[in-house]
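Comments concern the structure below.
By convention in this document, chain letters (A, B, ...) are assigned in the order of the sequence lines, proteins followed by strands, and residues within each chain are numbered from 1.
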2 protein chains.
Amino acid sequence: MASGMDDRTTRVLRHIVEDYIATAEPVGSRTISKKMGQSLSPATIRNIMADLEEAGFLAQPHTSAGRIPTGAGFRYYIDHLLARQALARGEMDQLHRAAGEGNGPADELVRQVSRLLSNLAHQASVVVVSSPEQQVLSSVSLMRAGVERILLVTVMRGGWVQHRLIEGEPDLTGDDLEKISAYLNELAEGRTLLQLRARILDELGKEKARYDRVMGRALVMSARALTEAAPGEVFIEGRANILEQPEFAEDVHRLKRILRAFEEKSVIFRLLDRAMVSRAIQVSVGLENTVEELPDISVVASGYRQGASSVGSIGLIGPVRMDYSRVIPLVEYAASLLTTMFEDR
Amino acid sequence: MASGMDDRTTRVLRHIVEDYIATAEPVGSRTISKKMGQSLSPATIRNIMADLEEAGFLAQPHTSAGRIPTGAGFRYYIDHLLARQALARGEMDQLHRAAGEGNGPADELVRQVSRLLSNLAHQASVVVVSSPEQQVLSSVSLMRAGVERILLVTVMRGGWVQHRLIEGEPDLTGDDLEKISAYLNELAEGRTLLQLRARILDELGKEKARYDRVMGRALVMSARALTEAAPGEVFIEGRANILEQPEFAEDVHRLKRILRAFEEKSVIFRLLDRAMVSRAIQVSVGLENTVEELPDISVVASGYRQGASSVGSIGLIGPVRMDYSRVIPLVEYAASLLTTMFEDR
DNA sequence: GTTAGCACTCCGGCAATGAGAGTGCTAAAG
DNA sequence: CTTTAGCACTCTCATTGCCGGAGTGCTAAC
């Protein structure tokens, strides 16, 4: 089907999509005829449009409005017709600078980049950080946090910090904690969180005798704390930008749906997890995303890596009518920027 | 002026405000007459309304609409006429449960409570946590975070965790870090962040000889890292709830302004900082808040404490037309809940 | 296969209209 | 002196009807 379209037909489709992206209005045959240098008359364009509509790429809001691209139309455009716009030098610089400012812990870096991406694209920007269980540890520490609580802090290579509370254990002294921390660090050397946990339990079985009861119990508790799946994190920036898009600004219902979605980590995760595993940029249009509540939005996202493993993804969320030619390079660049930033950490 | 209003007049004002809160529509003399059991005719009410308008408590959108309370009208209502609604047993329970679930680090606790508060009130909820410099430390730890970075983790009594990156210092070994951590913990005992910093510098001057150059430098860097003002934190929950309010749902401009404001920590801080110092609940109506960009919103907020010192505040942000009789007790209860939760930590 | 021409459809804007809600004023009643 | 009934007046809002414009589909000619 799709392959059975001749060059002229696809050119018409491309112009329709691009015009619609630019104006958010249904586009008519006259407009396209002009745009193509009048080499074809409006009547001819109309015939072609009728074909495209039959093929499912276009739709009419009502008789005698122009056509607007359907989801399938956008899909075809993105897959076959898109001419990427090169990033402006200035935009690259800005992104670099944003990344540079994020010299605090990793979350600051990510937040800055996300924020700028959002503003450059005039869309809401989202970053998800996968649960760091698969990441390699840099160091571990047990800290006192009140009489009845101990805090287990883990720092990953790349700069992500996590902490989990352990309840109880009031009788461990500061000295005890230091000792256990030192020991945990030894075990952690070069390992992931998961591996560390296994290792702790392992060691504990082997050399039970070496530890007094209190310390032994503390080790078990550490292992248990490490088991609790840390959910991963979500950063959303530029929510206000979605009001720049008429499709959301006008329709309070859609707006509410999307704002609610932004408040549910799990939804955002489902929205971006495909991009995480894949290496290439992912564009899901309208119904394609797996979140039933949001049938009318698009997600452009790309994973970023830490060394060889994918650790998260960054992307934009907006209406189906997005300026993909501009937005796709932006997201790609942002993702690669994160990848390089995390490389030398 | 205000004191010069007789009982009947204020009763009319109260009814107008309450009706307007309930309906979001201008209210007319007929409605009020009915509401007051027809003891007064609409004509009389009209006279009273005219007086109230002259006094600045009411306004007319146009001739021959009903009256709407002005900012001053709301103010008077809140200060003198408000009949607080008792919290429902169920709501208190829910809040308690939310607080109980937040058994992770302090930020989880705060987030859960804030979220529920937001949903109960149908408004956006905001929590600010003041920069914890004045809070007493529970423990300190230096951790390796990559070759060129060290992470300084501080845990406050009450469970707030902060981390700051220190760049450089590649030659400190894990052992070194442990030793310095132990020493810092000794110095930190029972002190605030600020005091700790002073103490470090102090000690360093006195006993310079006791430390080798590397460790000395590390201490200096720690002190410096502690100096960087940590900005405090802001949590916003239930943004989508503001769309429940017709005044925002209809006016995209206001909506955008408020969403933008939510993206600027500093704005939120300015909005809530008054509540932080004061012990009582604060209600600022319309123009009263100090943020010029948001002249048409109300903030209901209350500080919460950790022991004797104020450490932050929790509140609601919404249109001036809020159900104060319900919302004020909610916020108060949430704040007191946070205070008790932090007490036994 | 392409295009000009034409009849037709549908939306959006505009003015006119009328009902409804509410006011302010006046004059009478308490 | 206060309250109220009555009434004229104002303003909004929803409804209606009426173009004009944009765009289409079809047919017939090129």
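Bracketed by its first and final contacts, the part of DNA chain C lying under 4.0 Å from non-hydrogen atoms of chain A reaches from C:dT2 to C:dC11 in 5' to 3' order.
A distance of 8.5 Å separates CD1 of B:Ile314 from OG of B:Ser302, quoted to the nearest 0.5 Å.
Between A:Glu91 and A:Tyr333, the side chains place no donor N or O within less than 3.5 Å of an acceptor N or O (distance only, hydrogens not considered). Defined by atom type and a distance below 3.5 Å, a donor-acceptor pair is missing between the side-chain atoms of A:Thr44 and A:Asn47. No hydrogens or angles considered: nothing links the side chains of B:Ser325 and B:Arg84 as a donor-acceptor pair under 3.5 Å. Checked by atom type, the side-chain pair B:Thr10/B:Tyr76 shows no donor-acceptor distance below 3.5 Å.
Shown are B:Lys256, B:Arg260, B:Glu263; of these, the side-chain hydrogen bond (donor to acceptor under 3.5 Å, both in side chains) with A:Asn241 is made only by B:Arg260.
Of the residues in residues 40-54 of chain B, B:Arg46, B:Met49 come within less than 4.0 Å of DNA chain C through at least one heavy atom, sorted by number.
Each of B:Gln38 and B:Pro61 has a nearest nucleotide on DNA chain D; the 5'-most of these lies closest to B:Gln38.
Residue B:Glu54 places its CD atom among 12 or fewer non-hydrogen atoms of other residues, nucleotides or ligands, all under 6.0 Å distant.
Residues A:Leu95 and A:Leu330 meet the side-chain proximity criterion, which asks for heavy atoms closer than 4.5 Å.
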